[in-house]
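Before any comments, here is the structure.
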Amino acid sequence: MKFTEEHEWLLAEDDIVTVGITKHAADALGELVFVELPEVGTEVSKDDDIVVIESVKAASDIMAPIDGEIVEVNEELLENPTLVNEDPLGKAWFFKMKPDNMADLDDLMDEAAYSALIA
Amino acid sequence: MSDLKQTPLYDLHVELDAKMVPFAGYEMPVQFPLGVMKEHNHTRNAAGLFDVSHMGQVIIRPKSGNIEDAALALESLIPMDVLGLPEDRQRYGMLTNDQGGIRDDLMFANRGDHLYVVVNGACKDDDFAHMQAHISDSCDLHIHDDRALLALQGPQAETALARMIPEVAEMSFMDLKTLSYKGQDVWISRSGYTGEDGFEISIPADHATDFARELLAMAEVEMIGLGARDSLRLEGGLCLYGNDIDTQTTPIEAALNWSIQKVRRSGGDREGGFPGAEVILTQMADGVSRKRVGIAPEGRAPMRGGTPLFAESDSDTQIGTITSGGFGPTVGRPVAMGYVDTDLSAKDTTLFAELRGKRLPVRIAALPFTPANFKR
């Protein structure tokens, strides 16, 4: 698993990368009440705002961690946003993307580096 | 946070692991480990304890010794019937400015030989100076920095508080009494700002933490932060000063006409005589071009203060603005309030909010979103 400074996690399987937010981010946001997901097929560039999440406190954006195409979104989050608080690293993934360049993941943090960031 | 003040319950908040934020010049708890959503639901289902000690507690004492002189003095600053308020009773009101705008909203009570006024924390210094400037000829004014103010809100508030002070069970909505607890005078009103039954409790500062701990030891009671206070008052259709009402909105635009009693209206025995009376009474007679309404977003996206409103999905002219909004945990969907053109203010009118570049439908809704559970 890889991590970004924006508190996203990325899990690569074959040529598909699953993206979610970390427990640290989910705890800081508080209970989520709304999630807006990108459309499947969207071509995204790193740092594009592609997901809107709102907690009881405030709205935030989730950015595309790398360049690529959105191939699947987790529609269960639309009906059940608090899943993000309950299982941020598992069931509450946000989207799956097909990276333009799989090697972009190499620039991201590993778990030890991310743990140091939030320590 | 060094310039921020602390309430008498500050150490208790820290001990309870509250997330503290700056609010109205104080370090206040925005949430406790329970979290905003559960704190909200706990208040609606059982009893929530709130620290509202940042609010200003002002005593207005007539120099003549005659309470009617204090009542008439306060009537020169607010469009409410103070003279007709019976002893031990409280009312909602607002200080107005010369343009008819709202300087602050407040609660005032007749305490027999003096008036007790509770104003917003962010406005209290200005309010006190304003009152000093206008009514200190006839009244002595005192602001009680030596007392904490707690609110216990929810359907089990009476059960919980009556274990400590049995007399509260006999009180009705908007009663205010001095009661005794362990030798201390506590000023208790049956009121609050959540839409639930409950009490507001003024207690000497150095006894406040023990009092709160005794309540928190009861199964019904949880400590609640400002986050849930905001979602509770929003569902209750209650205005937040600085968001939904301010110096640029009049009581009539804010749909607070009910708070202006007949005796102060046109044709009443003590008609006018408060700042901005001409504007306010004219608006009461002729109507207003915009008014505050409840707004129910039709989708799931919460809409917060500042969101612009339009009549159509493609019209250019803004016809209103959301002034506060968010997710309503009790109603299970987004709720909001704001100002719209009066001719578009009828219940069930569909309007469009512009959110992140998209026009999303909203509906004008009756306030409150959740029914009030007051003990009349």
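So you know, we letter chains A, B, ... as the sequences are listed, proteins then strands, and number each from 1.
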Discussion item. So, taking the atom named CD in A:Glu31 and the one named CD in B:Glu39, what distance separates them when rounded to the nearest 0.5 Å?
Written reply: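 So the gap between those two atoms works out to 8.5 Å.
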Worksheet entry | Rounded distance [0.5 Å steps], CZ in A:Phe34 versus CZ in B:Arg333 |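 Here the rounded value is 15.0 Å.
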Worksheet item: Which heavy atom in A:Ala59 sits nearest to a heavy atom in B:Arg356, and how many Å separate them?
Response: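 Answer, listing the atom of A:Ala59 first, then B:Arg356: CB-NH1, 4.4 Å.
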Worksheet entry | Heavy-atom pair of closest approach, residues B:Met37 and A:Val33 |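 Shortest heavy-atom separation between B:Met37 and A:Val33 comes out as CE-CG1, 3.8 Å.
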[atom1]/[X]: more than 12 non-hydrogen atoms of other groups inside 6.0 Å:
{"X": "A:Lys2", "atom1": "NZ", "result": "yes"}
{"X": "A:Glu43", "atom1": "CD", "result": "yes"}
{"X": "B:Glu15", "atom1": "CD", "result": "yes"}
{"X": "A:Asp14", "atom1": "CG", "result": "no"}
{"X": "B:Glu298", "atom1": "CD", "result": "yes"}

Item to complete: Below 4.5 Å from any heavy atom of chain B, which atoms of A:Val52 appear? Answer side chain, backbone, both or neither.
Response: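 Only the side chain of A:Val52 comes within 4.5 Å of chain B.
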Worksheet item: Please walk me through it: do A:Glu36 and B:Arg300 pass side-chain contact (heavy atoms from CB on, under 4.5 Å)?
Response: CA-CA 9 Å; A:Glu36 189 175 278; B:Arg300 291 189 63 109; over 6 Å; no
